[in-house]
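Single-structure report; data block below.
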Amino acid sequence: QVQLVESGGGLVQPGGSLRLSCAASGSIFSIYTMGWYRQAPGKQRELVATITSIGSTNYADSVKGRFTISRDNAKNTVHLQMNSLKPEDTAVYYCNAHIASLRSRTTAYPYWGQGTQVTVSS
């Protein structure tokens, strides 16, 4: 009984900024690595950025220098600050988190949000 809910998507002009948020809730024991993935029409889902429980980050080459991932462990949330957006950033963005539930504390499983649409267009 773990849920991830994304928010912050929308329509933005090229060069603009957007901030995505994802909140985890439910019977959570511990949250490990969290991240963002995206899927454009006709394309496979790809990794955008990840952040470990101690703050180590990893980014796709296509977003380095433009996107910043962060997390607030006290609020069980992860954010993605997206700057200098390009039309090719248009996609459905999915939140991902490896979480050990209260029922299964020794094993973490990947959970996914429902996705939020990001459209970059003039």
Side-chain angles (χ1 to χ4, degrees):
Q1 286 309 161
V2 174
Q3 298 179 348
L4 299 180
V5 180
E6 303 105 329
S7 63
L11 175 64
V12 65
Q13 296 182 340
S17 298
L18 214 55
R19 183 176 174 84
L20 305 183
S21 298
C22 173
S25 62
S27 54
I28 298 170
F29 176 70
S30 185
I31 302 178
Y32 300 94
T33 299
M34 306 182 81
W36 290 93
Y37 292 71
R38 66 186 182 187
Q39 187 167 24
K43 304 273 188 166
Q44 291 188 318
R45 186 174 299 185
E46 64 175 351
L47 184 149
V48 176
T50 61
I51 183 167
T52 70
S53 59
I54 59 172
S56 296
T57 59
N58 177 250
Y59 298 92
D61 288 340
S62 60
V63 307
K64 285 182 178 178
R66 300 188 299 121
F67 291 10
T68 302
I69 188 170
S70 61
R71 64 190 287 168
D72 185 336
N73 292 331
K75 297 182 178 180
N76 292 335
T77 59
V78 62
H79 306 278
L80 185 68
Q81 178 66 46
M82 305 184 292
N83 299 325
S84 301
L85 284 162
K86 305 174 180 179
E88 48 263 49
D89 293 318
T90 296
V92 175
Y93 284 69
Y94 296 91
C95 176
N96 171 262
H98 288 77
I99 299 173
S101 67
L102 291 173
R103 183 175 293 276
S104 184
R105 305 185 181 193
T106 61
T107 305
Y109 295 92
Y111 289 85
W112 294 90
Q114 292 299 304
T116 184
Q117 178 70 48
V118 171
T119 302
V120 184
S121 176
S122 59

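None of these values were measured; they are calculated from a predicted model. As a basis for the values below, the full set of heavy atoms in this structure was taken, side chains included, without hydrogen atoms, waters or symmetry mates. All residue numbers in this chain count up from 1 along the given sequence.
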Checklist line | Mutual orientation of the aromatic rings belonging to Phe67 and Tyr93 [parallel < 30°, tilted 30-60°, perpendicular > 60°] | finding: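 Phe67 vs Tyr93 ring planes: tilted.
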
Joint cluster assignment, [X] & [Y], ILVMFWY side-chain distance < 4.5 Å:
X	Y	answer
Met34	Tyr94	no
Val2	Tyr37	no
Tyr109	Phe29	no

To the nearest 0.5 Å, what is the distance between [atom1] on [X] and [atom2] on [Y]?
X	Y	atom1	atom2	result
Leu80	Thr68	CG	OG1	8.0 Å
His79	Cys22	NE2	SG	9.5 Å
Arg38	Thr90	CZ	OG1	9.0 Å
Thr116	Leu20	OG1	CG	6.0 Å
Ser121	Asp89	OG	CG	12.5 Å
Leu18	Gln13	CG	CD	12.5 Å

Quick one: does [X]'s side chain have a donor or acceptor within less than 3.5 Å of a partner on [Y]'s backbone?
X	Y	value
Glu6	Gly115	yes
Ser104	Ser101	no
Tyr59	Ile69	yes
Arg71	Thr52	yes

Closest heavy-atom pair and its distance - [X], [Y]:
X	Y	answer
Ile51	Ser70	CD1-CA, 4.0 Å
Ala24	Leu4	CB-CD2, 3.3 Å
Gln117	Ala91	NE2-O, 3.5 Å
Ser17	Asn83	OG-OD1, 2.9 Å
Val48	Val63	O-CG2, 3.7 Å
His98	Ala108	C-CB, 4.3 Å

- Task: Check Asn76, Ile31, Thr107 against Ile99 for a side-chain contact (heavy atoms from CB on, under 4.5 Å) and give me the one that passes.
- Result: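 Per the side-chain contact (heavy atoms from CB on, under 4.5 Å) rule, the option paired with Ile99 is Ile31, out of Asn76, Ile31, Thr107.
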
> Between Met82 and Trp36, is a side-chain contact (heavy atoms from CB on, under 4.5 Å) present by the stated rule, with each step listed?
Replying inline: CA-CA 12 Å; Met82 305 184 292; Trp36 290 93; over 6 Å; no

Carboxylate-amine/guanidinium proximity below 4.0 Å for Asp61 and Lys64 |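 A salt bridge links Asp61 with Lys64.
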
Exercise for review: Check whether any side-chain heavy atom of Cys95 lies under 4.5 Å from a side-chain heavy atom of Val78, and answer yes or no.
Suggested key: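 SC-SC contact between Cys95 and Val78 confirmed.
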
Margin query: Side chains of Leu47 and Asn58, heavy atoms from C-beta outward: is any pair under 4.5 Å?
Written below: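 In short, these two side chains touch, coming nearer than 4.5 Å.
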
Q.
Looking at Gln114, I want to see if its CD is surrounded by more than 12 non-hydrogen atoms of other residues, nucleotides or ligands under 6.0 Å.
A.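 No.
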
Is it true that atom CD of Glu88 has more than 12 heavy atoms of other residues, nucleotides or ligands lying nearer than 6.0 Å?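 Yes.
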
